[in-house]
**Student:** 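My structure is below; once you've seen it, I'll send some questions.
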Amino acid sequence: MWIKSIRSLEVKAETNVRAKSLRQFVADNQSPKAFRISMNDYKKEEWVTNVPLYAVDGFVF
């Protein structure tokens with residue numbers, strides 16, 4: 001049985017992360033996890049995990 005597993009990843013070069021494109025993609029594709037790389041601090045929310053740009057090197061998606 002093939003299991004659909006899409007890891008959504010969005011990269012932002014700023015602190016404004018209000019764009020709704022990632023949220024829409026997650027909803028449309030029933031993605032189990034979403035990650036956003038940005039200038040903001042680490043924050044795990046219900047539908048997305050924000051990873052700070054400086055921490056990407058050691059982060060496992």
Side-chain angles (χ1 to χ4, degrees):
M1 181 174 152
W2 185 71
I3 299 173
K4 182 178 178 181
S5 180
I6 298 174
R7 302 269 192 224
S8 306
L9 178 65
E10 178 179 67
V11 180
K12 295 283 194 174
E14 54 193 49
T15 57
N16 178 9
V17 294
R18 295 237 178 224
K20 63 181 181 178
S21 58
L22 179 61
R23 184 182 293 267
Q24 187 65 49
F25 182 85
V26 169
D28 290 349
N29 295 287
Q30 300 174 351
S31 180
K33 291 192 177 203
F35 297 94
R36 179 189 301 122
I37 299 169
S38 74
M39 299 297 288
N40 292 337
D41 292 332
Y42 177 85
K43 184 176 182 182
K44 189 170 187 175
E45 297 179 35
E46 184 177 317
W47 68 278
V48 66
T49 300
N50 191 78
V51 180
L53 189 59
Y54 66 83
V56 171
D57 185 37
F59 196 81
V60 178
F61 293 95

**Student:** How is the hydrophobic cluster of Trp47 composed, in terms of its other members, when Ile, Leu, Val, Met, Phe, Trp and Tyr link through side-chain heavy atoms under 4.5 Å apart, directly or indirectly?
**Tutor:**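 Members besides Trp47, by chain and number: Leu22, Val26, Val48.
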
**Student:** What residues join Val17 in its hydrophobic cluster, counting side-chain heavy atom gaps under 4.5 Å, either direct or through other members?
**Tutor:**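 Listed partners: none, Val17 stands alone.
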
**Student:** What is the distance from atom CG of Leu53 to atom OG1 of Thr15, rounded to the nearest 0.5 Å?
**Tutor:**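 It is 12.5 Å, given to the nearest 0.5 Å.
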
**Student:** For the CZ atom of Arg23 and the CG atom of Asp28, what is their distance to the nearest 0.5 Å?
**Tutor:**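 Separation between the atoms: 12.5 Å.
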
**Student:** With sequence neighbours left out, which residue pairs that include part of residues 34-58 fulfil the salt bridge (Lys or Arg N to Asp or Glu O under 4.0 Å) condition?
**Tutor:**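 Every salt bridge (Lys or Arg N to Asp or Glu O under 4.0 Å) pair that includes a residue of residues 34-58, provided the two are not neighbours, is Glu10-Arg36.
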
